[in-house]
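Notes to accompany the following structure.
For this chain, numbers begin at 1 and follow the sequence in order. Here the structure is a predicted model, which means the values were calculated and not measured.
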Amino acid sequence: MFTLWSVILLVNTVGGVIEIADFYPYGSAINDQMLARIDDASTMINLSFHYPFFGSIYQEAYLSTNGLITFGTANSEFVPKPFPLPTMQCVATYWVDSDPSKGGNIFYKQTTNKTILRKISEEIKNRLVSYSKFNAEWALIVTFDQVRPFSCGCNTSCSSNITYQTILTSDGVNSFAIFNFYQLGYFTGAGSCAGFAQVGFNAGDGKRFFLMPKSNTAGISNIALFQSNVGVPGKWIFSTDTNNIVEQCNTKGQLEIFPKKVLYFGACEIRISGVCYKENNLNVSVLIDGVSVQCFFGQWQNLHCRVPFLKKIGKIDIVIEYNSIKYKSFIVSVGRDDNIVVKNINKIQNESNIHGNFSLEWDPIDDDQQSIEFSGYQIDYYINNQGKIVVENISTLQYGQFSNNGRVYLSPVLTPNNQKYVELQLIRSIFLAGYFTPTSVIAAMVIKTENSTGTMHCTNWYNNQSSNSEIRRIVEDLNQRKPCLPGIPPSFPNKIDNFVIDEVCNPNNVKSKIMCEMFHRGAKACYRSTKNVGDPVVQCCYANDYSLLIGKPAGGTIGFGDLEINTMDHFKKDVLPFITCCKIGVNQCDKYYEKRPSINPRPIRPRIPRNANGDPHFTTMDGTSYSFNPIGEFVYLTTQNESDIIQSRISQYIDKTGIKKNASIFSGFVIKGNDSDIIQIELNNKQTFSFLVNGQSLNLDFGLWNFNGISLSYENNATVVVQTNSGIRFEIIALDKALHTILTLSDTFKNRISGLIGDWDGNSSNDLKLPNGTFISGNSSNYNIHFNFGMLWSTSNKTSLFTYPNGLSWFDYQDQRFVPDFSTPIDYPQCNGSKACNYDIQVTGSVEFGMSNLVILKRTIDLKQTYQNIVQTCPTNISVLNGNVEVKVNGSLVQYSLICKDGFNVTGNKNSSCVSGSYTPIGFCDFYSNFSERLDFVSSHLIGCLIACLIYNYFIN
């Protein structure tokens, strides 16, 4: 199954490297139970924990004196049979003909002792890096202590014995098996040199299994004693909960990485495992986003690498080359406001110092911290006489000052010419268990200039921008192709059509409030366009009432640096000019908005959310409802050129007592957008979500995860929202051991889709369209819909996008013989007339499952109402700071008049109008007239304080 590193095999040696002191405590002295000293016995143990094994859950185990732990049924066979075996679910630590009646003891115990579980957890965390958050809740420890063979002969002494330990452990979702081999004095218990020992796992379906190399041969004892998959000869650790046995190291090109999310400006350390290194060859090449990085080997053969400065936010490829094999994986690069990676610094204060020193403070007891490291980058910019931004250098900074009261003092760095750097980004990192977890960030920006004030720099930048006529052409083009929506849903979703929420102004993240006030004062949320492909980036900002804001100071702007592609380019082209013109330059902000104007809204029609739920009941995009209850994998949605695809897995319903019912449920989905990564979502043993991205299993925390062309918002244990850049929003809800969905599509999919979701063209009569382009009537019988529509949308072994466990394939998830119940159900009072609810209660016997249809229906109605509340034509409620807008409707014409408060003057258009969604932006009310007033405002905010104080000292005084 995998290749291990080279070792020296010791001839005629029965003891290995593992010592008894390395075992977990065992024996009668600590009240372990003991198997009867009987040959070929198997004893049942009632497990006090639900143990996941090969995708099933067990509460009973059987311990055999021959080294087997079986589930479901006892097994006392003494002659090992090579895996795979049907109808036998087992862990074979060292399956051989042993006989404790000849000598030795077999101890076992279940434990929830915190000290033991903590040690088990640390073993797993340190050796399987993708499980770095695993915390064992239960363990079964089985110890063979000097157990004798059944018979001697075949170079086996009658006094030889075996001593080893098996640990099964789990947290209820993830489970593991740990083998510790101390002494293996015989490899067969038969005197006739037959029945050689076997080590491995068997799923019981005749397909899925794992065998240690040299099993069923005389070489098995040497392999078990002197080799390993975790770098400690004699110790083996396997993940056993899923459909696969997960090995620590491999030659299959697979990597495990922790942490999976990193901050885009680097300096974070990641740990990488998965490669089977040879002790005499540790020459390895590591590329992160195409950049070669230096790494070092830590304990447990884990590779420790420091992430370099990254040029984009999103999926970052990692490639390791070792022994001519390329191992590939990825990390996800995020900004400063990611909820998973970043936590807030409690306080930042300016020190009264001519050099603009500042300090960071936090709660010293927070995060169970052991030590603190500050690191980051010094990035030097200046603006030359032609108004161009010039990058001088990028150098790494390190800070290590830490005090127990949680306070670190930092001073601005001076160049050799006593000129200040532009941007210093500081990371607070918690050093836990050998890895750095970034938890806090702050950015302080100072601009080094060749002139005495910011006014000249803004003018230089302005003069080097495109002409106003060219800017107008760009704006008019974007107004047609990428207009801002006139309103957004109250939930402020992470994505809307081809826009993603801008972390500079994200109302779902309290830490972004300060940045939002600085760059878009008065806005509640901003969005930026995605997949711009050379286009300027469109930014759209919205008020508290979810209406679009236009112009200075709160409105969004176009941008010529794409944050998704290059963060520094965005900073130079869009952020730095804003600071220069609007925060430093006197009366210069209009120049910035002249070259970076807002984009107009467009008329939109409400989204149409469509649900699929229960023992699958579908509603097509044009409103036709039908039921389709098979077992297999099907095309839920596909476009004409198959650029966007959703496939569903439908499995047989099993009730709480384990009885299979004549019903089916959604058990998995795989989603692919246009040129996007592929995301697969299923339910695990605890009925929470498990994820695969491009076939690679991921342990994901709650939060937003951005991949290539597709994002995943893991909101809680019951809800996941997948959105593609092409315009698919797919909400997956877990209820009563089944998945349910709500689909919404952008208008670009109209007249382009088919599959179980139907043909979307505004005509419900042709919804049930077949793959060949013909269709059947939506009024057809359930029998006709099942066989002559639904089953025709079955995937095939070649077209399936699902990733399958080792040993399984598409064929193992199909049952063409399954026929659902086509009878008309009775009315149940709990269902309030819902046919789907009535049917599901009848076929499953579960009222709870039937009523899950009502939950999804209500969620669908609520979401539809949310979209209907979005302004559909001309905006009728325009939010303007320091003023009001009077709106008058005259037929198809909407007229606007801007009235500013006392002390504020109208800038831009005082009067405006809108016809059929063509809206001319209204002006804004502005009161700023001098630099001191502008500085007073900026100084009242956290980031503004840093900028204002440092700039004032160096540019004003």
Original post:
Taking the inter-plane angle between the rings of F702 and Y714 on a 0 to 90° scale, is it parallel (under 30°), tilted (30 to 60°) or perpendicular (over 60°)?
Top reply: perpendicular
Subject >> Test salt bridge (Lys or Arg N to Asp or Glu O under 4.0 Å) applied to D677 and K672, step by step >> reply: CA-CA 6 Å; D677 289 328; K672 182 187 81 71; over 6 Å; no
**OP:** Run the numbers on S754 and D759 for side chain to side chain donor-acceptor pair (under 3.5 Å), then give the verdict.
**Re:** CA-CA 5 Å; S754 54; D759 178 65; over 6 Å; no
**OP:** Output all residues satisfying salt bridge (charged side-chain N to carboxylate O under 4.0 Å, His left out) with K656, sequence neighbours left out; order by chain, then residue number.
**Re:** E848
**OP:** Mind telling me whether W793 and F789 have parallel, tilted or perpendicular rings, with 30° and 60° as the class edges?
**Re:** perpendicular
**OP:** Please list, chain by chain and in numerical order, all residues satisfying side-chain contact (heavy atoms from CB on, under 4.5 Å) with T624, sequence neighbours excluded.
**Re:** T620, S764, D767
**OP:** Using modelled atom types only, decide if a donor and an acceptor are shared between the side chain of N629 and the backbone of D615 within a distance under 3.5 Å.
**Re:** yes
**OP:** Give the intermediate values and the outcome of salt bridge (Lys or Arg N to Asp or Glu O under 4.0 Å) for residues R817 and D815.
**Re:** CA-CA 5 Å; R817 298 168 299 177; D815 187 355; 3.7 Å; yes
**OP:** Please assess E633 against I650 for the test side chain to side chain contact (heavy atoms under 4.5 Å, CB included), listing each intermediate value before the final yes or no.
**Re:** CA-CA 6 Å; E633 293 174 353; I650 303 177; over 6 Å; no
Subject >> Chi angles and distances behind the side chain to side chain contact (heavy atoms under 4.5 Å, CB included) call for M88, L68 >> reply: CA-CA 11 Å; M88 180 180 177; L68 279 175; 3.4 Å; yes
**OP:** Check whether any side-chain N or O of R208 sits under 3.5 Å from a backbone N or O of G204 as a donor-acceptor pair, and report yes or no.
**Re:** no
**OP:** Please step through salt bridge (Lys or Arg N to Asp or Glu O under 4.0 Å) for the pair E682 and R649, ending with a clear verdict.
**Re:** CA-CA 9 Å; E682 302 172 70; R649 176 179 292 162; 2.9 Å; yes
**OP:** Quick one: sort the F787 and F822 rings into parallel, tilted or perpendicular, breaks at 30° and 60°.
**Re:** tilted
**OP:** Using the six-membered ring wherever Trp is involved, compare the ring planes of H786 and F628 and label them parallel, tilted or perpendicular (cut-offs 30° and 60°).
**Re:** tilted
**OP:** For F134, enumerate each residue passing the ring pair (Phe, Tyr, Trp, His ring centres under 6.0 Å) test, keeping only those at least two apart in sequence or located in another chain.
**Re:** F176
Original post:
For W138, what residues pass the ring pair (Phe, Tyr, Trp, His ring centres under 6.0 Å) criterion, not counting sequence neighbours?
Top reply: F49, Y51
**OP:** Using the side-chain contact (heavy atoms from CB on, under 4.5 Å) rule, pick out the option among L756, I757, N611 that qualifies with F618.
**Re:** L756
**OP:** Could you check S627 against Y839 for side chain to side chain donor-acceptor pair (under 3.5 Å), going step by step and ending with a plain yes or no?
**Re:** CA-CA 10 Å; S627 296; Y839 179 85; over 6 Å; no
**OP:** Determine yes or no for a side-chain-to-main-chain donor-acceptor pair under 3.5 angstrom, with Q680 supplying the side chain and T803 the backbone.
**Re:** yes
Original post:
Taking only residues at least two apart or on different chains, which pairs with a member in residues 811-854 satisfy disulfide bond (SG atoms under 2.5 Å apart)?
Top reply: C831-C837
Original post:
Is the backbone N or O of W810 less than 3.5 Å from a side-chain atom of Q814, with the two atoms forming a donor-acceptor pair by type?
Top reply: yes
Original post:
Counting N and O atoms only, with roles assigned by atom type, does the side chain of Q110 sit under 3.5 Å from a partner on the main chain of S48, one being a donor and the other an acceptor?
Top reply: yes
Subject >> Any donor-acceptor N/O pair, S713 side chain to L704 backbone, under 3.5 Å >> reply: no
**OP:** Could you tell me whether a side-chain N or O of S852 sits under 3.5 Å from a main-chain N or O of F849, the two making a donor and an acceptor?
**Re:** yes
Original post:
Going through the distances and angles, do F730 and Y636 end up as a ring-ring contact (aromatic ring centres under 6.0 Å, His included)?
Top reply: CA-CA 11 Å; F730 198 59; Y636 184 93; 5.4 Å; yes
Side-chain donor/acceptor pairs under 3.5 Å, residues 853-863, sequence neighbours excluded:
unit_1	atom_1	unit_2	atom_2	d
N853	OD1	N613	ND2	2.4
N853	ND2	D840	OD2	2.8
N853	ND2	G850	O	2.9
K858	NZ	D862	OD2	2.9
R859	NE	E731	OE2	3.0
R859	NH2	E731	OE1	3.0
R859	NH2	E731	OE2	3.3
T860	OG1	I856	O	2.8

Subject >> Reference residue F201; test ring-ring contact (aromatic ring centres under 6.0 Å, His included); the match among F209, F238, F54, F83 >> reply: F238
